[in-house]
Amino acid sequence: MDGGARGDMNTLEQMKEELKQNIGAAVIAAGLASQEELPEVMLEVPRDKSHGDLATNIAMQLARIAKKNPRQIAEEIVEEMNRNKGFIKEVQIAGPGFINFFIDRSSLSKILLEMDQQKDDYGRTDTGAGEKVLVEFVSANPTGSLHLGHARGAAIGDVLCNVLETAGYDVTREYYINDAGNQIHNMTLSLEARYREALGLEAPFPEDGYRGPDIVRLGEKLAREEGDRLEQMEEAERHAFIRQYGLTHLLEKIKEDLGDYRVKFDSWFSEQSLHDSGAVQESVEELTKRGQTYEKEGALWLNSSSFGDDKDRVLVKQDGSYTYITPDIAYHRNKYNRGYGRIVNIFGADHHGYVPRMKAAMAALGYDVDQMTFLITQMVKLYQGGELVKMSKRTGKAITLVDLMEEVGVDATRYIFASRSPDSHLDFDMDLAVSQSNENPVFYVQYAHARINSVFRQAEERGYAVQVDPESLSALQEEPEFDLLQKLAEFPEEIATAARQLAPHRVARYLYDLSTLLHSYYNAHRVIQEDEKLTRARISLLLGVAQVLKNGLRMIGVSAPEKM
RNA sequence: ACGCCCGUAGCUCAGUGGAUAGAGCAGCGGUUUCCUAAACCGCGUGUCGGAGGUUCGAUUCCUCUCGGGCGUACCA
């Protein structure tokens, strides 16, 4: 905890809390419901401004309990509340029984003072109460380059982690390295073949090999560095060497590319370490001890169908080796044992079949499955020149993360992925993403930030101090100014909601909406003008907007330029 | 066959147990002696895929159904 910034409710939250209590008290005072019957009072910001600044549907919720029609109930609640007004300027009953509250606008400008205190911390809440959360994402096999799907997973995972942190969770970002299975053997054979090709030797390519250009390049590099020395080795020795060489370099490249993409992990967790420590074997033994395994046809099976899986799964094959699921069980068991209250796994849709399996395994081990959430990111289709770009695993042809960063840029790529719901099937339009025009939404938000800074530069030239001036705030009287203030006040709650719903794309939407308000305001009202007090007030307001844009863009990993 | 995701305006996508379902793009028409026009303002008759059900109220929840994507190994 860092003192004042976290934990304190901001102005809007205080108002809402106070109002909720007043409403609840009024319901009881009017004899409409007892304390026990009282539903939770819901207060929301109506879409339509003519419906007030805050509204509650409590009267409708009470219809059954009080056995009266909602409008009648609303009347009685309002009757009780009239003695207790405060910051509420006006109350109206509308529609089927909504109670709409209109806020005294002058009270909202206080938010700018809070923001001025909190600066980069504005938006933080203690919603998560410091709960430990492990977020595993990307976790691509170290067998080649990261592609389009990983780019989406990386962006969503990273933004989600930022959101969770801002909402007061204690987040660990983890990448699970599948450095022990069959696919690594495949990588080894593929790299060996490319190495031999680079030496000009006859080299049949393995059936299920990795055909990407990255392995070709790595094979050439290996040939340059080692010459034909490896050819003199025993096969086992050579494979061990190539395997390690490939793993090291491919993983390094993945780290480097993710770094360029502004994604950093706290932890790189090796599958091999689970084998080395005996954790895999231990997990099998634990499941057996719990009576959740059985032998059949020479294999060891997990009784996963008793825990919601379609069928039972093999843990140890006839030949004594593990299936891929077994080390994964050890891995997730390890996550639980590290004491995380919440475990979030972000997977691509092509692996979603794995979810019931892993949940079943954890349930069989006696863990609380509800602590573990799987966030599935849906497929990305890439369009270029109006046509679908085909990917091919067989030929290794695929658009990589590096391609996207080079052709589209990190800001636009991250913004596009971050602004879509994880479970929407995404059409990624390269032409639109690259375009430097108003078609590209990332510029819209960045431009709002740059515009404000441009105003600040002008203001400074004219001798204004670019800082919040508490004395001037009463000059903010225009409708769009109130809209902006209200939007700014909602920011912390928006982040908290995004965290609770594991919905990082809400942040991008929020920033877009805020930018709309800003651009509209900018076009309608001049910041710098004759009236100095008003000018100072508007500078104060824009400082708040710039701060939230900056904080929000930082959260989605997009730059906030001061000039464009 | 079964499981998961999606189906909302011409296109790309938001959204929600509530009031008249929204935004961008595309299209049409306006705005610049004025802090950046990458902007703003105006113009939308949508079976919220379809049918039932729960509810005072369903696009939202449940069931069924149609269409698309993905997945269902002693591969990973």
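Residue H51(A) is classed as a base contact, given a heavy-atom separation below 4.0 Å to a base. Residue R538(A) is out of contact with every strand shown, counting any heavy-atom pair closer than 4.0 Å. Within the 4.0 angstrom heavy-atom criterion, only backbone atoms of the sugar-phosphate kind lie near M379(A); the bases stay farther away. Here Q529(A) lies out of heavy-atom contact (under 4.0 Å) with every strand. Within the nucleic acid shown, N141(A) comes within 4.0 Å of sugar-phosphate atoms alone, with no base atom in reach, counting heavy atoms only. Within 4.0 Å of F456(A), counting heavy atoms only, lies no atom of the nucleic acid at all. In this structure, A448(A) reaches neither bases nor backbone, as no heavy-atom distance under 4.0 Å exists between it and the strands shown. Note on R462(A): nothing from the nucleic acid sits closer than 4.0 angstrom, heavy atoms only. Within the 4.0 angstrom heavy-atom criterion, no nucleotide atom of any strand lies near K381(A). Nucleic acid contact class of I325(A) (heavy atoms, under 4.0 Å, all strands): none. In this structure, Y522(A) reaches the bases: a heavy-atom distance under 4.0 Å links it to at least one base atom across the strands shown. Here A450(A) lies in heavy-atom contact (under 4.0 Å) with a base. Note on S419(A): nothing from the nucleic acid sits closer than 4.0 angstrom, heavy atoms only. The residue H505(A) sits close only to the backbone: its heavy atoms come under 4.0 Å of sugar-phosphate atoms, none of a base.
Aromatic rings of Y175(A) and F137(A) (six-membered ring for Trp) have centroids beyond the 6.0 Å cut-off, not under it.
Taking 4.0 angstrom as the limit, Y510(A) places none of its side-chain polar atoms (N or O) nearer than this to OP1 or OP2 of G15(B). The phosphate of C74(B) has neither OP1 nor OP2 within less than 4.0 Å of any side-chain N or O from K296(A).
Remark: T373(A) engages R342(A), L502(A) in a side-chain contact (heavy atoms from CB on, under 4.5 Å) (not counting sequence neighbours). Residues satisfying the ring pair (Phe, Tyr, Trp, His ring centres under 6.0 Å) criterion with F428(A), sequence neighbours excluded, are F417(A).
Within 6.0 Å of CD in Q72(A) there are more than 12 heavy atoms belonging to other residues, nucleotides or ligands.
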Output a table of nitrogen or oxygen pairs between the protein and nucleotides 4-8 of chain B separated by less than 3.5 Å.
from, atom 1, to, atom 2, distance (Å)
C4(B), O2, H352(A), NE2, 3.4
C5(B), O2', Q378(A), NE2, 3.3
C5(B), O2', D423(A), O, 2.9
C5(B), O2, H425(A), NE2, 2.9

All N/O pairs under 3.5 Å across the protein-nucleotides 55-62 of chain B interface:
none

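Comparing C11(B) with A19(B), their P atoms are spaced 26 Å from each other, to the whole Å. U55(B) sits 23 Å from G49(B) when the P atoms are compared, rounded to a whole Å. When the C1' atom is compared between C28(B) and C64(B), the two are found 44 Å apart, to the nearest whole Å.
Side-chain atoms of Q183(A) stay outside donor-acceptor range of the base of C75(B), with no qualifying N/O pair under 3.5 Å. With hydrogens and angles ignored, a donor-acceptor pair under 3.5 angstrom links the side chain of N100(A) to the base of A19(B).
When the nucleotides C74(B), A37(B), A19(B) are ranked by their closest atom to the side chain of R451(A), A37(B) comes out on top. Out of C70(B), A73(B), A38(B), the shortest distance to the side chain of R313(A) is found at A73(B).
Where I528(A) and G181(A) each meet RNA chain B at their nearest nucleotide, the meeting point lying more 5' is that of I528(A). Each of F428(A) and G353(A) was assigned the nucleotide of RNA chain B with the nearest heavy atom; the assignment lying further toward the 5' end belongs to F428(A).
Remark: ring of F98(A) overlaps the six-membered base ring of A19(B) in a stacked fashion, centroids less than 5.5 Å apart, planes less than 30° apart.
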List, one per line, each side-chain donor-acceptor pair under 3.5 Å for residues 37-45 of chain A, sequence neighbours excluded.
from, atom 1, to, atom 2, distance (Å)
E37(A), OE1, S34(A), N, 2.9
E37(A), OE1, S34(A), OG, 3.4

Going by atom type alone, with no hydrogens or angles, which donor-acceptor pairs under 3.5 Å involve a side-chain atom of residues 511-518 of chain A and a protein atom two or more places apart or on another chain?
from, atom 1, to, atom 2, distance (Å)
S515(A), OG, L511(A), O, 2.7
T516(A), OG1, Y444(A), OH, 3.2
T516(A), OG1, Y512(A), O, 3.1

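Although no hydrogens or angles enter the test, the distance criterion places a donor-acceptor pair under 3.5 Å between the side chain of H150(A) and the main chain of H147(A).
The aromatic rings of Y176(A) and Y331(A) sit parallel to each other, their planes meeting at less than 30°, with 60° as the upper class boundary.
No donor-acceptor contact under 3.5 angstrom links the side chains of Q477(A) and E481(A), judged on distance only. D179(A) and S270(A) share a side-chain donor-acceptor pair at under 3.5 Å.
E493(A) approaches K16(A) most closely through the heavy-atom pair OE2-NZ, 3.1 Å.
Taking atom CD of residue E494(A) and atom C1' of nucleotide A14(B), one finds them 12 Å apart after rounding to whole Å. What separates NZ of K359(A) from P of G71(B) is a distance of 20 Å, to the nearest Å. Distance, R71(A) CZ to A19(B) P: 15 Å, rounded to whole Å. Note: CG (L388(A)) to C1' (U12(B)) measures 15 Å, nearest angstrom. Atom pair R509(A):CZ and G24(B):C1' shows a separation of 8 Å (rounding to whole Å applied). Distance Y331(A) OH to A76(B) P: 18 Å, rounded to the nearest Å. One can place NZ of K390(A) at 13 Å from C1' of G69(B), the figure rounded to the nearest angstrom. One can place CZ of R357(A) at 11 Å from C1' of C75(B), the figure rounded to the nearest angstrom.
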| Trace of the side-chain hydrogen bond (donor to acceptor under 3.5 Å, both in side chains) decision for E271(A) with N178(A) | CA-CA 5 Å; E271(A) 175 187 350; N178(A) 283 103; 3.1 Å; yes
